[in-house]
S.K.: 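One structure coming up, written as structure tokens, with questions to follow.
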Amino acid sequence: MLKLTPEYLLKTYDLMLKSRFVEERLIKMYKQSDGYFWIGGPGEEAFNVPLGLHIKKGHGLDYDFLHLHYRSSAIYLPMGIEPIDLFRQMKNTLTDPFSGGRNFVNHISKREWNIVPITSPIETQLATCIGTGIAHKRHGGTGITIVNGGDAGTAEGEFASCLIWASRPKEELPILIIVMNNSWGISTSCASQHSETNISDRAKAFGIKSLTMNGNDVEASTFAIREAMMYVRTERKPWLLEARVSRLYGHSSATGANYISTEVDCLTEFEKKLLDDNLITQTEINGMREKYNTEFIELVKKVKQEPMPDPKSIYDYTYSEQKGRYW
Amino acid sequence: MATMVQAIRMALHYGEENLGLKEVFGEDVGPPLGGVFTATQGIQCSWNSPLDERGIVGAAIGLAFAGRRCVAEIQFCDYIFNTIDLLKLAGHTCWASFGDWSLPMTIMTPVGSGIRGAIYHSHSFDATITHIPGWKIVMPSTPLDAYGLMISCLQDPNPTMYLKPKALLYVRGEEQIPGEPPLNKDGEKELRSMINAPVIGDRTKWKPKWPSGLTDYKVEIGKAKVVREGTQITVVSYGRTLPLCIKASDRLNGLSIEVIDLRTLWPYDWPLVSQSIRKTKRVLFVNEDTEVTNFGEHLMRRTIEDFFYELHARPRLLAGSFVPGIGLSDSLEMASVPQLETIEQAIREVIDEKV
Ligand SMILES: Cc1ncc(C[n+]2csc(CCOP(=O)(O)OP(=O)(O)O)c2C)c(N)n1
């Protein structure tokens, strides 16, 4: 039996389904040559949607700052990022509001909501989050810094940097550090490179609270996120949360982007539970799937009509508010 | 008669009092030391960070994301190289987000030779950092410019890289920084007693007494300066080699040498340099970073593309030898980077060249 309210569970399901359909549409766009590269987060929805629903969204230090990696669509779609804008970034149109056609899909940026630009180099966000963490600490209140990354990335120096800086004596930082452990870094298994039992164990040496949990389970995720967030928001100290998740379509389009049926699919798992608890019917599920499918096909059609970036714009915004060649 | 470190200190103080500077940090930057070259002594918002350059640059970027103005120090530029991808990230954040974010932050770091710093305390960084778009890069050669450029950095909405020429950090200025005590022996002593922490004894209770009349005196980023006027050759330099170029021009009397202090490496003042080259028809670029893919090579390319048919001599670059490091021994350091004599010789050669 599920424990959370039907309202919350159904909302979460709807957003998980929506996020999955966005990612699957992005993959189709790639396969139909409507984009050069796909990378994204199908398989992380059971953890990411609850996270997205618990963000204190807004601009400035009263709100959460997000330093995310490229598998975070199920965090920001629930926050209100529009699917069409991800289709635009996939198609690298001028109308892509995150980078104006300059960056890969799922490399979003939204200053209005404190979402700092998602970048390709692995784990740099574990270094930059230190700064907003310091700013949050100085500011007080309940806004926190949230950072996520993969398991392989924790071998980078920035992961150690983040643990050190977040736990300086009397200077602890309100940072929720999340490791999305899908057991892989492209083709290299975590098990072949890491001897620590849990990545979260590394927090212990710094006195940082930590937990490893099943990120394929909506309720386990929700409880863990609530507990960790509450602690970070009120104690103003870090927490390291390691979510074990699936990588459902492989690393990226570079590895084919095909569904991997041997991995746990959190969406179908959750559907089963909702059906068992009579919170939803198969007909309703089918209807929702159909709705998102047709809706997104229409959005992609629209995006394909939109203008591409102007070659003359290559220098624009090298500096704040600057346009055109400046030197 | 402030030294460059005193000038930087006063500018940082002015910044924290008046310009919203909130965090000054890095390795040994806070009390009791105030920086290994003492440039942050007495700054109230200064603090010691972990020994972690990537953490320092990352923290600066994050603070800038949060709109919290900071100056972060990398103790020696020799140790900034492991932060290159974060510097690239800072440089491209505004561009990659299509103008959504800008990063108001300053990184400062001592550069170059001159203190017999051997392989790992003598590096230059101008060739590398000018290769990273999105930064504004400054390098003063006088205390007054050090003050004015810092004030400009603290007001710029973009990432600024403030390169401190190590060899000039303790050289006293000959120009008055608005607000500092008079430019004489007494004034010099007074300033020292006001803003230098005691060298020996207990520093824990020491507090600086800042000159009261400090101002927002600025040196605009992107503006070079003609420091000696002349007609026969243009010598463009910055940092440690700039005073040497002035000295060379003074010693080579009989020759009319125009010396330009670039002050901002990027975006640099091409109009001013162009104007001078158009007048003198001969140009020498001088800096001490290694000579291959050197920033001066870029300036040479620009010179050739713009002035090829007007020049009366080949443009020249005098730079550091392309060696893996600067050797400790006096003879090795002197042979690795431009010195007064090599600068004089290069000036003569360019002036003497007949087409
Ligand atoms: C600094 C850096 N090194 C290498 C790469 C190439 N690369 C992209 S993703 C990836 C694997 C990342 O694995 P992990 O951190 O576990 O995250 P996941 O992709 O599994 O979510 C690598 C090596 C990169 N983007 N950045």
Side-chain angles (χ1 to χ4, degrees), chain A residues 60-61 65 67 94 96-103 107-112 114-121 123-136 138-139 143 145 147 156-158 160-162 164-165 168 171 309 313-323 326-327, chain B residues 22-23 25 45 47-70 72 82-86 88-105 133-136 156-160 221-222 266-270 298 302:
Chain A
L61 289 166
F65 262 86
H67 301 251
L94 174 62
D96 150 24
F98 312 125
S99 69
R102 287 175 174 176
N103 214 342
H107 287 54
I108 80 157
S109 158
K110 195 165 177 72
R111 188 159 168 264
E112 199 188 336
N114 289 348
I115 303 177
V116 311
I118 295 175
T119 63
S120 296
E123 221 71 354
T124 52
Q125 71 277 19
L126 273 285
T128 58
C129 76
I130 294 166
T132 56
I134 294 168
H136 267 135
R138 305 273 200 253
H139 185 76
T145 288
V147 61
E156 297 277 9
E158 286 95 333
S161 291
C162 189
I164 296 262
W165 286 69
R168 292 164 66 224
E171 297 287 340
S313 70
I314 56 170
Y315 285 99
D316 292 0
Y317 305 118
T318 303
Y319 296 105
S320 177
E321 295 182 10
Q322 160 266 330
K323 290 219 172 175
Y326 62 92
W327 65 278
Chain B
K22 293 283 199 303
E23 313 278 347
F25 63 100
C45 68
W47 48 276
N48 292 332
S49 76
L51 202 169
D52 174 17
E53 289 78 17
R54 294 180 65 78
I56 291 167
V57 175
I61 295 172
L63 284 162
F65 276 136
R68 209 173 155 82
R69 173 73 69 173
C70 70
N82 72 343
T83 74
I84 292 283
D85 65 326
L86 289 167
K88 283 189 62 144
L89 193 145
H92 81 212
T93 291
C94 184
W95 184 90
S97 64
F98 214 53
D100 195 20
W101 294 86
S102 55
L103 295 178
M105 57 181 269
W135 284 81
K136 294 189 179 177
D156 203 281
N158 300 288
T160 49
I221 294 179
W266 195 272
Y268 56 90
D269 193 348
W270 191 240
H298 163 72
R302 202 108 195 248

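What you are looking at is a predicted structure, and each value in this text was computed from that prediction instead of being measured. First the proteins, then the strands, lettered A, B, ... as listed; each starts at 1.
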S.K.: I need the minimum non-hydrogen distance between Trp165(A) and Ile56(B), along with the two atoms involved.
M.R.: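 The pair with the smallest heavy-atom distance is CZ2-N, 3.5 Å.
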S.K.: Quick one: side chain to side chain contact (heavy atoms under 4.5 Å, CB included) partners of Lys110(A), sequence neighbours excluded?
M.R.: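 Residues passing side chain to side chain contact (heavy atoms under 4.5 Å, CB included) with Lys110(A): Ile81(A), Glu112(A), Trp113(A), Ile115(A).
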S.K.: Can you name the residues that form a ring pair (Phe, Tyr, Trp, His ring centres under 6.0 Å) with Tyr319(A), not counting sequence neighbours?
M.R.: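 With sequence neighbours excluded, Tyr319(A) shows a ring pair (Phe, Tyr, Trp, His ring centres under 6.0 Å) to Tyr326(A), given in chain and number order.
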S.K.: Relative to chain A, which segment of Asn48(B) carries a heavy atom at a distance below 4.5 Å: side chain, backbone, both, or neither?
M.R.: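 Backbone only.
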S.K.: Using heavy-atom distances under 4.5 Å, tell me whether Arg68(B) contacts chain A through its side chain, its backbone, both, or neither.
M.R.: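 For Arg68(B), the side chain is the part near chain A, not the backbone.
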S.K.: Is there a side-chain contact between Glu23(B) and Arg138(A) in this structure, where contact means two heavy atoms from C-beta onward sitting under 4.5 Å apart?
M.R.: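 In short, these two side chains touch, coming nearer than 4.5 Å.
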S.K.: What residue, out of Asp85(B), Val57(B), Leu89(B), has the most heavy-atom pairs lying under 4.5 Å from chain A?
M.R.: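 The residue among Asp85(B), Val57(B), Leu89(B) with the greatest pair count is Leu89(B).
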S.K.: Would you name the heavy atoms of Asn158(B) and Ser320(A) that are closest together and state the gap between them?
M.R.: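 Minimum heavy-atom separation between Asn158(B) and Ser320(A): OD1-N, 2.8 Å.
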S.K.: Among Trp270(B), Trp135(B), Phe65(B), single out the residue with the greatest number of heavy-atom pairs under 4.5 Å to chain A.
M.R.: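 Heavy-atom pairs under 4.5 Å are most numerous for Phe65(B).
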S.K.: Answer with side chain, backbone, both or neither: which region of Trp47(B) has an atom nearer than 4.5 Å to a non-hydrogen atom of chain A?
M.R.: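 For Trp47(B), the side chain is the part near chain A, not the backbone.
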S.K.: Between Gln125(A), His107(A), Arg111(A), His67(A), which shows the greatest number of heavy-atom pairs under 4.5 Å with chain B?
M.R.: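 When all of Gln125(A), His107(A), Arg111(A), His67(A) are compared, Arg111(A) has the most.
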S.K.: Take the angle between the ring planes of Phe65(A) and Trp101(B) and call it parallel below 30°, perpendicular above 60°, tilted in between.
M.R.: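 Plane angle between 30° and 60°, so tilted.
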S.K.: What part of Asp100(B) lies closer than 4.5 angstrom to a heavy atom of chain A: side chain, backbone, both or neither?
M.R.: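 Both the backbone and the side chain of Asp100(B) come within 4.5 Å of chain A.
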S.K.: Arg54(B), His92(B), Lys88(B): which one forms the most heavy-atom pairs within less than 4.5 Å of chain A?
M.R.: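 Heavy-atom pair counts peak at Arg54(B).
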S.K.: Below 4.5 Å, heavy atoms only, C-beta onward: do Ile164(A) and Asp52(B) meet side chain to side chain?
M.R.: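 The answer is no; the side chains never approach within 4.5 Å.
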S.K.: Does any heavy atom of chain A fall under 4.5 Å from the side chain of Lys22(B), the backbone, both, or neither of them?
M.R.: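 Neither; nothing under 4.5 Å.
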S.K.: As an exercise, state the distance from CG of Asp316(A) to SG of Cys94(B), rounded to the nearest 0.5 Å.
M.R.: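 Output value for this atom pair is 10.0 Å.
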S.K.: Do you know which two heavy atoms are closest between Ala59(B) and Ile134(A), and how far apart they sit?
M.R.: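 Scanning both residues completely, I find the closest heavy atoms to be CB-CD1, 4.2 Å.
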S.K.: With a sphere of 6.0 Å drawn around CD of Glu321(A), does it hold more than 12 non-hydrogen atoms of other residues, nucleotides or ligands?
M.R.: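 Counting neighbours around CD of Glu321(A), 12 or fewer heavy atoms of other residues, nucleotides or ligands fall under 6.0 Å, so no.
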S.K.: Identify which part of Thr318(A) has an atom lying under 4.5 Å from any heavy atom of chain B, answering side chain, backbone, both or neither.
M.R.: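 It is both, since atoms from each part get that close.
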S.K.: Only pairs of heavy atoms separated by less than 4.5 Å count here; which of Ser99(A), Ser313(A), Ala160(A), Ala135(A) has the most with chain B?
M.R.: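 Option with the top pair count is Ser99(A).
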S.K.: Does any part of the side chain of Phe98(B), heavy atoms only, come nearer than 4.5 Å to the side chain of Pro117(A), both counted from C-beta?
M.R.: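 Heavy-atom side-chain distance check fails, nothing below 4.5 Å.
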